[in-house]
2 protein chains.
Amino acid sequence: MAKEYPELHLDNQLCFSVYTLSRLITQAYQPLLKALGLTYPQYLALLVLWQAEEEGSLPVPVKFLCEKLLLDTGTLTPLLKRMEVNGLVVRGRSSQDERVVQVNLTEAGLKLREQASKVPAEILCRTGLDIAQGEQIKEELSALIEQLDQA
Amino acid sequence: MAKEYPELHLDNQLCFSVYTLSRLITQAYQPLLKALGLTYPQYLALLVLWQAEEEGSLPVPVKFLCEKLLLDTGTLTPLLKRMEVNGLVVRGRSSQDERVVQVNLTEAGLKLREQASKVPAEILCRTGLDIAQGEQIKEELSALIEQLDQA
DNA sequence: GCAGGTTATATTGCAGACAATATAATTGCC
DNA sequence: GGCAATTATATTGTCTGCAATATAACCTGC
C-alpha cells in the first residue's frame, strides 16, 4: 500500500496557482501587445519608462529598471537591446559616470503610450475579471512579494 | 504639461504582482530543489507523476501532464527528455496507440519523493509565509485561473 | 596616488515558455 | 476500404529568466 503525500499534491500548492496564473495573464496580454509589437516584459519595461517620463526623470539608468521590475541585467540588457533595435528606446553611457547606461524613450516609444493606455481596460473586458476583487488580491500579493523580496 | 496615464502605472497592475511573485517563489524553491537536482518546472511535473503513482494510474500520457500543468508539448517534451537523461523518468510509445507517449517514474524518480516531501514545509519556514493566509489567496487565484483558462 | 574593494553593466550558458509548423497514427464518414 | 479531419507529440525559432562570471569605472583608506 502506497504511503500518501498530500503535501505534494499539485492542487494544494499556492506556488502552482501563482505560477499558472502568471502564465495565463501573459497569454491574455499577448495578442493585444503583439499588435503594438511588444512582448509582455517589454511592456512592463515601458510602463516604468512612461511613468518616469511623467515624473520628468528620464533618462533612467538600467539599475533603476532592474529595481522596479525586480529583474537583473542578464534579463534586461538583451531586452533593452531588442527594444533599441525596434526603435523604442535609446541607450547611452552617462558622461558623469561611465559605468551607468542611461535608457531613454524615443519619439516612437513615447507615442506608443497612447495606444497602450487602452490595454488595461481591454484586458479586464476580455477576461471578465472583477476590478474590485483584483484590487484586493493585488494588495495581498504585494505583501507576499515584500516578504519574499527581503529573504 | 504631460498628460497622466495612471492606468499604466506599474504599481496599479495586478498582473505585475502575479508576475513578480511567481518569479520570487521560483527563486525561493531554487536552492532546495537544486539539492535534489531539480528545476522548479521539473518539480511540478514530478508532483503530478507522484500523485498518479499514489492513484495507481502510472504511466501517464504526455497529454495528461500538459493538462494538469497547463503547459504545451513545446515546453514539456524537452523537459521530460532532460528528466529522462537524469534518470528520473522513462518515456515510451503506447502499444495501443502509437501516437501517445507514456511517461513513467523510475526507481530514482519515485525515491526522490521522500526527500521532496520535506520541501513544502521548509519553504513555508524559510519564507515565513502564513499558511492560513496562503490557503485563502490560493482559492482566490484558482478562481481567476479558471476564468482565464476558459477564455 | 594607488591598491583593494565596490558598483554598474555585460556576457555566457542553460532551462523554460510558447507560437507556429510538421508528422505520424487514429478515427469518421461515405 | 479510403480519404479527410482529428489527435498526440515533436521540432524550430524567439524571447525571457537567472546563475555565474567578467570587466571597466568609481571610490576609499592609507
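Proteins get letters first, then strands, A, B, ... in listed order; numbering begins at 1 in each.
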Could you run down nucleotides 20-29 of chain C 5' to 3' and tag each one B, S or - for protein heavy-atom contact under 4.0 Å? S----BS---

Spacing between [X] atom [atom1] and [N] atom [atom2], to the nearest angstrom:
{"X": "A:L44", "N": "D:dC15", "atom1": "CG", "atom2": "C1'", "result": "14 Å"}
{"X": "A:E67", "N": "C:dT7", "atom1": "CD", "atom2": "P", "result": "12 Å"}
{"X": "B:Q30", "N": "D:dA19", "atom1": "CD", "atom2": "C1'", "result": "8 Å"}
{"X": "A:L33", "N": "D:dT14", "atom1": "CG", "atom2": "C1'", "result": "16 Å"}
{"X": "A:Q102", "N": "C:dT7", "atom1": "CD", "atom2": "C1'", "result": "15 Å"}
{"X": "B:Y43", "N": "C:dG16", "atom1": "OH", "atom2": "P", "result": "15 Å"}
{"X": "A:L80", "N": "D:dT16", "atom1": "CG", "atom2": "P", "result": "10 Å"}
{"X": "B:K63", "N": "D:dA8", "atom1": "NZ", "atom2": "P", "result": "4 Å"}

For residues 56-72 of chain A, run the donor-acceptor check on the side chains, cut-off 3.5 Å, and write out each pair with its distance to 0.1 Å, sequence neighbours left out.
| from | atom 1 | to | atom 2 | distance (Å) |
| --- | --- | --- | --- | --- |
| A:S57 | OG | A:A52 | O | 3.2 |
| A:K63 | NZ | A:E67 | OE2 | 3.0 |
| A:D72 | OD1 | A:G74 | N | 3.1 |
| A:D72 | OD1 | A:T75 | N | 3.2 |

Under 4.0 Å from OP1 or OP2 of [N]: is there any side-chain N or O of [X] that close?
{"X": "A:Y19", "N": "C:dA17", "value": "yes"}
{"X": "B:T77", "N": "D:dT9", "value": "no"}
{"X": "A:R93", "N": "D:dA24", "value": "no"}
{"X": "B:K81", "N": "C:dG16", "value": "no"}
{"X": "A:T39", "N": "D:dT16", "value": "yes"}
{"X": "B:R91", "N": "D:dA10", "value": "yes"}
{"X": "B:Q42", "N": "C:dG16", "value": "yes"}

Base, sugar-phosphate or nothing for [X]? Non-hydrogen atoms, less than 4.0 Å.
{"X": "B:L71", "answer": "sugar-phosphate"}
{"X": "A:F64", "answer": "nothing"}
{"X": "A:T75", "answer": "base"}
{"X": "B:P61", "answer": "sugar-phosphate"}

Ring-plane angle category for B:Y43 and B:Y29, please: parallel below 30°, perpendicular beyond 60°, tilted otherwise. tilted

Cationic N near anionic O, under 4.0 Å, A:K138 to A:E135: yes

Electrostatic pair A:R91-A:E84, nearest N-O below 4.0 angstrom: yes

Return yes if some donor-acceptor pair links the side-chain N/O of [X] with the main-chain N/O of [Y] below 3.5 Å, else return no.
{"X": "A:T73", "Y": "A:L76", "answer": "no"}
{"X": "A:S22", "Y": "B:S22", "answer": "no"}
{"X": "B:T106", "Y": "B:L88", "answer": "yes"}

As an exercise, state the distance from OG1 of A:T20 to CG of B:L144, rounded to the nearest 0.5 Å. 12.0 Å

By nearest nucleotide on DNA chain D, pick out whichever of A:L79 and B:V100 is the more 5' one. B:V100

When the nearest nucleotide of DNA chain C is assigned to A:Q27 and to A:V62 on a heavy-atom basis, which residue is associated with the more 5' position? A:V62

